[in-house]
**Q** 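Would you mind keeping the following structure in view while I ask a few things?
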2 protein chains.
Amino acid sequence: MAKNTAAAAARASGGGVTRQERRSLRQEAAVNAAVRLAERDGAAGLSMRKLAQELDLDVTVLYRLFRDKDELLLALCERTIELALDEIGEVPGAEPWQDTVRRVAEATWEVQNRLPVTTALTFARTTGGPAERRMVELLLSCFTRSGLAPERAVLFYLTFIDTALGLCAHAASLSSLNPENRAKDDTTWTRVYARLPEGDHPITRTHADELARVSRKAIYDTAVEAILTAAERAATG
Amino acid sequence: MAKNTAAAAARASGGGVTRQERRSLRQEAAVNAAVRLAERDGAAGLSMRKLAQELDLDVTVLYRLFRDKDELLLALCERTIELALDEIGEVPGAEPWQDTVRRVAEATWEVQNRLPVTTALTFARTTGGPAERRMVELLLSCFTRSGLAPERAVLFYLTFIDTALGLCAHAASLSSLNPENRAKDDTTWTRVYARLPEGDHPITRTHADELARVSRKAIYDTAVEAILTAAERAATG
DNA sequence: ACCTGAACACCGTTCAAGT
DNA sequence: ACCTGAACACCGTTCAAGT
């Protein structure tokens, strides 16, 4: 749905495809290929050369579509937000603001889960693009509907989105380590913490099993609910 | 204080410096130089070659101190935790658990602020090393003291630490972008969002000033307090 | 005006050849 | 046994030379 926007625009405009529209189409194709490449080969596997090869282009053509690799990354960031917005779909107008925020949290997690490498590469960026703008408007409308004064609404909006993205990036950057490093990291709780010597770290030792059992999604949900509750209390209190 | 641990151990053991101790000393020197290099030249500037050069070593010697670059990064991660522990200092035994958690949050932010590049490079890793183990024990002792059952104590501990690290990494990865990209990102709120056309995004438009005014530290504090409150309520409720 | 290949200055990592 | 330089297979990015 988010895909082929430029194509649709081109067709709607009545036949003649301008240079600008062809450029947009090629950029979108490049973004699609970049996501595929990143998820298949990992963060280190997404190189300008390999992407060009995948698209049957010379690298320098890619450099005319995107000024540099950073601009490609910003386009990837926009794409992840587009996917989240697609995932969210239409929001019932009468829905309580908290539930809309929860929808956004779910959709963002879903995208992180599906595209961990892309998420890890882009989580901390601000694009200023159309998808990001729609997302900002959607979330700000929730936090203002809650009854918070502008200053507080903005503070809680940013706390929510940065926390959600930070935790998604945390989860994503684990899933996007090389297999061996991933395994090294993943099993640390049981490998190291369950086998601590008797005397040291008594509390950690008795909690090692629980530590290995907690899922990243449970952590994410706990953080999201904590921030929602804090916003509610700030609004009504 | 965290530095020269190996040196102290070597001297205490009575004169003869073993191969193992010399190795530890060289690893520590490498970590120190790596932090300096990363903060001076950015994440892309921390390469095995440049680090070896900085230490007047052949690259391959570096590869005998650390199996690969990832092992160096884990050592950097340990170092950031050591610095946070130094920052925390002695914790008064009778201190309310919430205040101890706040100390940890402050110290972690402080380190992020001082070493953004190193923080951004390492935030999502689990090292299983001694500094990390001390930090886990300290924080778990807080969340169990709060009266939470083991399962919940662990859930809130992980929610706290992952949220704190995620937000620190968010802030850090902004401070560690190349100057131009950083500027591009930083001013987006005023550059793009304050100039939105009248019709679209009305809520964002009216909040653009506030959005540009919120500091990353305020966001961090809001998230930390929200999680502390949620933990308190789960413990007493 | 557009495309192209070669080049520049780097990477992480390995290994045969030296002392 | 330890150290070393050169090499391999890559990077992002640029630019002169072609059509």
Side-chain angles (χ1 to χ4, degrees), chain A residues 17-27 29-31 33-34 37-38 40-77 117-118 120-122 125 176-182 184, chain B residues 17-27 29-31 33-34 37-38 40-77 117-118 120-122 125 176-182 184:
Chain A
V17 176
T18 68
R19 269 161 305 295
Q20 190 46 254
E21 287 157 353
R22 239 193 339 263
R23 189 183 145 83
S24 270
L25 273 174
R26 294 217 279 176
Q27 282 172 326
V31 168
L37 188 57
R40 195 190 33 165
D41 295 1
L46 176 62
S47 73
M48 296 296 268
R49 277 179 224 259
K50 274 168 75 176
L51 179 55
Q53 200 177 338
E54 206 86 356
L55 291 160
D56 258 312
L57 295 174
D58 191 277
V59 211
T60 56
V61 176
L62 203 52
Y63 273 91
R64 277 204 300 289
L65 292 175
F66 303 97
R67 184 153 39 86
D68 52 24
K69 197 180 177 180
D70 191 70
E71 205 164 282
L72 172 68
L73 290 180
L74 286 180
L76 287 182
C77 189
V117 183
T118 311
L121 281 170
T122 62
R125 310 307 304 275
S176 61
L177 288 173
N178 330 347
E180 331 102 69
N181 290 341
R182 200 241 151 96
K184 218 165 58 184
Chain B
V17 176
T18 69
R19 271 161 305 292
Q20 192 46 254
E21 285 157 355
R22 240 193 339 263
R23 188 181 147 84
S24 271
L25 272 174
R26 292 216 280 176
Q27 280 173 327
V31 167
L37 188 57
R40 195 190 31 161
D41 295 0
L46 176 61
S47 74
M48 296 297 267
R49 278 179 225 260
K50 275 167 74 176
L51 179 56
Q53 202 178 339
E54 206 86 357
L55 291 160
D56 257 313
L57 295 175
D58 191 277
V59 212
T60 54
V61 175
L62 203 52
Y63 273 92
R64 278 203 301 288
L65 293 175
F66 303 97
R67 185 153 36 89
D68 52 25
K69 196 181 178 183
D70 191 71
E71 206 164 283
L72 172 67
L73 289 180
L74 286 180
L76 286 183
C77 188
V117 183
T118 311
L121 281 171
T122 62
R125 310 306 305 274
S176 60
L177 288 173
N178 331 348
E180 330 101 69
N181 290 342
R182 200 239 151 98
K184 219 165 59 187

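Lettering follows sequence order; numbering is per chain, from 1.
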**Q** For the residue pair A:Val31 and A:Phe66, what are the closest heavy atoms and their distance?
**A**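 Nearest pair, atom of A:Val31 first, then A:Phe66: CG2-CZ, 4.2 Å.
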**Q** For the C1' atoms, the ones on D:dC2 and on C:dA16, what distance do you get once it is rounded to whole angstrom?
**A**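 Result for the C1' pair: 15 Å, nearest Å.
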**Q** Do B:Val117 and B:Leu46 have side-chain heavy atoms sitting under 4.5 Å apart?
**A**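 With C-beta onward as the side chain, the pair stays apart.
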**Q** Could you tell me whether the side chain of A:Thr60 and the main chain of A:Tyr63 form a donor-acceptor pair under 3.5 Å?
**A**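 No, because the side chain of A:Thr60 does not come within donor-acceptor range (under 3.5 Å) of the backbone of A:Tyr63.
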**Q** So, A:Arg23 side chain and A:Arg64 main chain: donor-acceptor pair closer than 3.5 Å or not?
**A**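 Confirmed, A:Arg23 side chain pairs with A:Arg64 backbone.
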**Q** From the set C:dC3, C:dT13, D:dG12, return the single nucleotide nearest to any side-chain atom of B:Asp68.
**A**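 For B:Asp68, the side-chain atoms sit closest to C:dT13.
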**Q** Hey, does A:Leu46 reach any base, or is it just sugar-phosphate, or nothing, if we go heavy atoms under 4.0 Å?
**A**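 A:Leu46: backbone/sugar contact only, no base atoms under 4.0 Å.
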**Q** Nearest whole angstrom, please: distance from the C1' of D:dC11 to the CG of A:Leu37.
**A**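 Checked: the CG to C1' distance equals 14 Å.
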**Q** Does a side-chain N-to-carboxylate-O contact under 4.0 Å join B:Arg49 and B:Glu54?
**A**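 Here B:Arg49 does not pair with B:Glu54 in a salt bridge, since their nearest N and O are not under 4.0 Å apart.
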**Q** Rounded to whole Å, how long is the line connecting atom CG of A:Leu62 with atom P of D:dT13?
**A**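 Computing the A:Leu62:CG to D:dT13:P distance gives 10 Å.
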**Q** May I have the distance from A:Asp41 (atom CG) to D:dC10 (atom P), rounded to whole angstrom?
**A**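 For the pair A:Asp41 CG and D:dC10 P, the rounded distance is 11 Å.
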**Q** Take atom CD of A:Gln53 and atom P of D:dG12, then tell me their distance rounded to the nearest Å.
**A**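 Going from A:Gln53 (CD) to D:dG12 (P), I get 12 Å.
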**Q** Select from A:Arg49 and A:Val61 the residue whose nearest nucleotide in DNA chain C is closer to the 5' end of that strand.
**A**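 Closer to the 5' end of DNA chain C: A:Val61.
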**Q** Send over the distance from A:Phe66 CZ to D:dT13 P, rounded to a whole Å.
**A**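 Whole-Å distance recorded here is 13 Å.
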**Q** Could you check which nucleotide pairs with C:dA1 in any of the strands shown, counting Watson-Crick or G-U wobble with both distances under 3.5 Å?
**A**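 The base-pairing partner of C:dA1, which may sit in any strand shown, is D:dT19.
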**Q** Contact class for A:Thr60 vs. all strands (heavy atom < 4.0 Å): base, sugar-phosphate, or nothing?
**A**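 Base, at least one base atom sits under 4.0 Å.
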**Q** Taking only the side-chain heavy atoms of B:Tyr63 (C-beta and beyond), determine which of C:dC11, C:dT14, D:dG12 contains the nearest atom.
**A**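 The closest nucleotide is C:dT14.
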**Q** In whole Å, I'd like the distance from the NZ atom of A:Lys50 to the C1' atom of D:dC10.
**A**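 Roughly 10 Å, once rounded to whole Å.
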**Q** Start at the 5' end of DNA chain D and walk down; is the nucleotide closest to A:Val59 or to B:Leu57 reached first?
**A**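 The residue closer to the strand's 5' end, by nearest nucleotide, is B:Leu57.
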**Q** Among D:dC8, D:dT4, D:dC11, which nucleotide has an atom closest to any side-chain atom of B:Arg64?
**A**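 Per side-chain heavy atoms of B:Arg64, the pick is D:dT4.
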**Q** Output the rounded distance in Å from CG (B:Asp58) to P (D:dA1).
**A**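 Roughly 20 Å, once rounded to whole Å.
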**Q** Both distances below 3.5 Å, Watson-Crick or wobble geometry, any strand: find the nucleotide opposite D:dC8.
**A**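 Here D:dC8 is engaged in a pair, and the nucleotide opposite it is C:dG12.
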**Q** How many whole angstroms separate atom CE of B:Met48 from atom C1' of D:dC8?
**A**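 Nearest whole value for this atom pair: 17 Å.
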